[in-house]
Every structure is written in structure tokens, then in C-alpha cells.
K.L.:
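Got a structure for you, questions after.
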Amino acid sequence: MARRRQIYEGKAKILYEGPEPGTLIQYFKDDATAFNAQKKGTISGKGVLNNRISEHIFTLLGGIGIPTHFLRRLNMREQLIRQVEIVPIEVVVRNVVAGSLSKRIGVEEGQQLPRTIIEYYYKDDALGDPMVSDEHILCFGWASQEELHDMADMAIRVNDYLSGLFAGIGIRLVDFKLEFGRIWENEFSRVILADEISPDGCRLWDMASGEKLDKDRFRRDLGGEVEAYQEVARRLGLLPEDGDTPVLDLDSHRKLRGK
Ligand SMILES: Nc1ncnc2c1ncn2[C@@H]1O[C@H](COP(=O)(O)OP(=O)(O)OP(=O)(O)O)[C@@H](O)[C@H]1O
Ligand SMILES: [Mg+2]
């Protein structure tokens, strides 16, 4: 078989040319990075879980009318997606104070926000993805006024839907990151949801215990990363229910590993 052409290798995924024009194959790696790639590691099995979790969430979002790049899952680590021109902005939605917001404003993690906050970060690794405002986005032409409006509108709808989805399975959706891209139809373009939605780009806290079920386990050397991602997948109904499987239980796992 002819080797597929690789379009891009990122920190967590590889993009290959797809079978038809305008499509790509998104391959999910086990590689994990944090703090602008200063910390690197692998989480064995993460790619398989993120592929499945992101497929599930994008399919549900498609079902409520959010346009996404997702076409179909191809295998354990790959999905077929529509090729987009990525808008160089990370859209972060926050419901609870955590992470960089906690540091920036000196408020302890865990405080519920009285209203949802949307933040924008300029996607530039060399600059460390600096936070920018809508003024910067418009001034430097990274997105148009209409695109910015559509992205913010979709981000709020995604937040409302996912907050409820996760609350239903005992998980608090603290914050998450979205990426959008342009697709062209004749001379017109519109923005659709792209990239992935997985525990790599969300903060997910167990409602009962406060346990972190996301990439903060890696960032903060808490261990049990893959078990946390599995727990999210299990609660979403994506893994077989098996009360006897110790790796699905963070507490027994920690005891097993002596942590
Ligand atoms: N549908 C799509 N079409 C084109 N590019 C996409 C699409 N969905 C996601 N991407 C881009 O593919 C890459 C996915 O790889 P990965 O998440 O590993 O990148 P990354 O290391 O986070 O790098 P970056 O800083 O570019 O986001 C990202 O650059 C993302 O913006
Ligand atoms: Mg990425």
C-alpha cells in the first residue's frame, strides 16, 4: 500500500492526507505535553481513549446542530475529518476558577464563577500562546467580527450542552479549550468546530470526590492518567461496565501502585 502523506505532526496528533480532497485523517498519539511542551511524556492508551471520547462528543454536538469537522472514526486511533483552515485562536470556556486563571487573578482553584468566561489565546508556540482580546483578533485579522461572533456563540452552546452531559455522569466541567476552522463553499467561508474535545483539553472534576479526571493528572504528577481518561470514557458509556476491573478505579489503582 502506498504510504500516506503526512501533513502535520503536532504534540498529540498527526494529520495525514485523507482519501478524498478536503478530508484528512487525524491520528491520536499517546504523547502528552504540558506547559508549552516544556514537560513531555507518554500516557499509554491515551490516544485510543481520546479518539473515542472526541468522536462521541463531536457526534453529540453535531446532533444539536453544532457544525464540526468530524466525519467518522476509522479505527482505534484514527478518524476521518474535514480539512479546515484553522483559526489561530484557542477559545477557552471557564465555569470554575482553575489553572492559569487562578494564578493570574490570585483566586483559589474551585471557586464557581458567577458567569461563564470566554478567553482567547493566540496559537503561537514560540510566543507561548499568549492571551489576547477580541480587539487584537480583529485588529490583526486572525478572525472576522462575524467569525468571532459565531465562535463565541458555538462555545456557549457547547458549554451548556457539555456541562449538562457531564453533570449527568457526576463530572463537573470546570473549563475546556476549543479550536475552530474555516471551510470554503464557493467564495463564502464559515467556521466549524475542529481539533478534539477530550480530557487533554478539558478540566473534569469528579463531583463527589473532587478527583481530577483530566490532563492535570499529568501536569501535576498525580499519576493514574490513563485510569482517569478511562473513567471518563466509562461514564460516557464508551467502555464496558466492569466493576471488577481494578484499573478503572482510581483509588484501588493508587493503592496497587503504592501512591
Ligand atoms: N480539521 C482540521 N483541519 C486542519 N487542521 C486541523 C483540523 N483539526 C485540527 N487541526 C490542527 O491539527 C493539529 C493537531 O495536532 P496537535 O493537537 O497534536 O497539535 P498541537 O501540538 O497542539 O499544535 P498546535 O500548536 O498547532 O495546535 C493542530 O495544529 C490543530 O490546530
Ligand atoms: Mg493540539
Side-chain angles (χ1 to χ4, degrees), residues 12 46 49-70 87 89-105 107-121 131 134 148-181 191-220 222 225 227-239 248 250:
K46 171 175 82 82
L49 289 159
N50 282 356
N51 185 24
R52 191 71 187 85
I53 292 169
S54 197
E55 171 197 14
H56 182 67
I57 292 178
F58 274 57
T59 302
L60 290 172
L61 292 174
I64 61 157
I66 307 275
T68 85
H69 73 162
F70 180 80
V87 174
I89 298 296
E90 296 194 345
V91 178
V92 171
V93 180
R94 299 180 179 274
N95 299 306
V96 178
V97 175
S100 64
L101 176 63
S102 158
K103 293 207 187 79
R104 202 184 313 128
I105 61 170
V107 172
E108 223 177 294
E109 283 203 314
Q111 189 175 307
Q112 183 77 37
L113 294 165
R115 50 173 286 171
T116 297
I117 293 175
I118 299 186
E119 294 172 348
Y120 304 107
Y121 293 84
M131 188 163 78
D134 49 358
L148 201 52
H149 173 273
D150 289 350
M151 292 192 296
D153 186 65
M154 283 190 266
I156 293 297
R157 287 166 68 199
V158 170
N159 184 50
D160 287 346
Y161 182 81
L162 291 187
S163 293
L165 177 80
F166 281 116
I169 53 174
I171 292 173
R172 194 173 181 200
L173 180 60
V174 170
D175 55 41
F176 60 95
K177 184 256 315 188
L178 299 176
E179 287 186 30
F180 294 89
V191 283
I192 66 174
L193 190 59
D195 205 51
E196 68 178 303
I197 299 181
S198 72
D200 268 14
C202 300
R203 283 198 173 84
L204 304 169
W205 295 356
D206 179 66
M207 279 180 167
S209 64
E211 187 106 62
K212 296 184 196 314
L213 302 173
D214 55 58
K215 203 167 87 175
D216 271 345
R217 299 204 74 83
F218 170 76
R219 290 190 191 96
R220 302 175 191 197
L222 299 172
E225 292 94 338
E227 292 75 13
Y229 284 47
Q230 271 174 355
E231 179 62 16
V232 173
R234 190 188 65 76
R235 290 196 203 176
L236 286 169
L238 307 176
L239 292 180
L248 295 179
L250 285 169

K.L.:
Kindly check if the number of other-residue, nucleotide or ligand heavy atoms within 6.0 Å of CD (Gln112) is above 12?
P.N.:
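Yes, because the 6.0 Å sphere around CD of Gln112 holds more than 12 heavy atoms from other groups.
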K.L.:
Taking 4.0 angstrom as the limit, do Arg203 and Asp214 come out as a salt bridge?
P.N.:
no
K.L.:
How close do Phe218 and Glu225 get, heavy atom to heavy atom, and via which atoms?
P.N.:
CA-OE2, 3.5 Å
K.L.:
Please test Glu196 against Lys46 for salt bridge (charged side-chain N to carboxylate O under 4.0 Å, His left out), starting from the C-alpha separation and ending with a verdict.
P.N.:
CA-CA 13 Å; Glu196 68 178 303; Lys46 171 175 82 82; over 6 Å; no
K.L.:
Can you check side-chain contact (heavy atoms from CB on, under 4.5 Å) on Tyr229 and Asp200, steps first, answer last?
P.N.:
CA-CA 9 Å; Tyr229 284 47; Asp200 268 14; 2.5 Å; yes
K.L.:
Between Arg219 and Asp216, does any side-chain N to carboxylate O distance fall below 4.0 Å?
P.N.:
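Counted as a salt bridge, because a side-chain N and a carboxylate O are separated by less than 4.0 Å.
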K.L.:
Should Arg235 and Asp206 be marked as a side-chain contact (heavy atoms from CB on, under 4.5 Å) after you check the CA-CA gap, both sets of side-chain angles, and the distance that decides it?
P.N.:
CA-CA 11 Å; Arg235 290 196 203 176; Asp206 179 66; 2.7 Å; yes
K.L.:
For Asp150, check side-chain hydrogen bond (donor to acceptor under 3.5 Å, both in side chains) against everything at least two apart and list the hits.
P.N.:
none
K.L.:
Pair Arg234, Glu227 - check salt bridge (charged side-chain N to carboxylate O under 4.0 Å, His left out), show working.
P.N.:
CA-CA 10 Å; Arg234 190 188 65 76; Glu227 292 75 13; over 6 Å; no
K.L.:
Ignoring hydrogens and angles, write down the donor-acceptor pairs under 3.5 Å from the side chains of residues 91-99, residues two or more places apart or on other chains.
P.N.:
| residue | atom | partner | partner atom | Å |
| --- | --- | --- | --- | --- |
| Arg94 | NE | Glu119 | OE1 | 2.9 |
| Arg94 | NE | Glu119 | OE2 | 3.1 |
| Arg94 | NH1 | Ala98 | O | 3.1 |
| Arg94 | NH2 | Ser100 | OG | 3.0 |
| Arg94 | NH2 | Glu119 | OE1 | 3.3 |
| Asn95 | OD1 | Thr116 | OG1 | 3.1 |
| Asn95 | OD1 | Asn159 | ND2 | 3.0 |
| Asn95 | ND2 | Asn159 | OD1 | 2.8 |
| Asn95 | ND2 | Leu173 | O | 3.0 |

K.L.:
So, for Ala155 and Phe180, which heavy atoms are closest and what is the spacing to 0.1 Å?
P.N.:
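So the two residues come closest at N-CZ, 4.4 Å.
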K.L.:
On a heavy-atom basis, which atom in Gly110 and which in Arg172 lie closest, and how many Å separate them?
P.N.:
O-NH2, 3.4 Å
K.L.:
Report yes or no: does Arg52 contribute a side-chain atom to a donor-acceptor pair with the main-chain N or O of Ala233 at less than 3.5 Å?
P.N.:
no
K.L.:
Please walk me through it: do Ile197 and Leu162 pass side-chain contact (heavy atoms from CB on, under 4.5 Å)?
P.N.:
CA-CA 10 Å; Ile197 299 181; Leu162 291 187; 4.2 Å; yes
K.L.:
Run the side-chain contact (heavy atoms from CB on, under 4.5 Å) check on Leu49 and Ser198 step by step: do they pass?
P.N.:
CA-CA 8 Å; Leu49 289 159; Ser198 72; over 6 Å; no
K.L.:
Could you check if a side-chain atom of Leu165 sits within less than 4.5 angstrom of a side-chain atom of Leu236, using non-hydrogen atoms only?
P.N.:
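Yes - at least one pair of side-chain heavy atoms lies under 4.5 Å apart.
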K.L.:
What residues form a ring pair (Phe, Tyr, Trp, His ring centres under 6.0 Å) with Phe70, not counting sequence neighbours?
P.N.:
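Listed in chain order: nothing, the list is empty.
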K.L.:
Might you point out which heavy atoms bring Tyr120 and Asp134 nearest each other, and give the distance in Å?
P.N.:
CD1-N, 4.3 Å
K.L.:
Determine the minimum heavy-atom distance between Gly181 and Ala194, stating which atoms define it.
P.N.:
N-CB, 4.2 Å
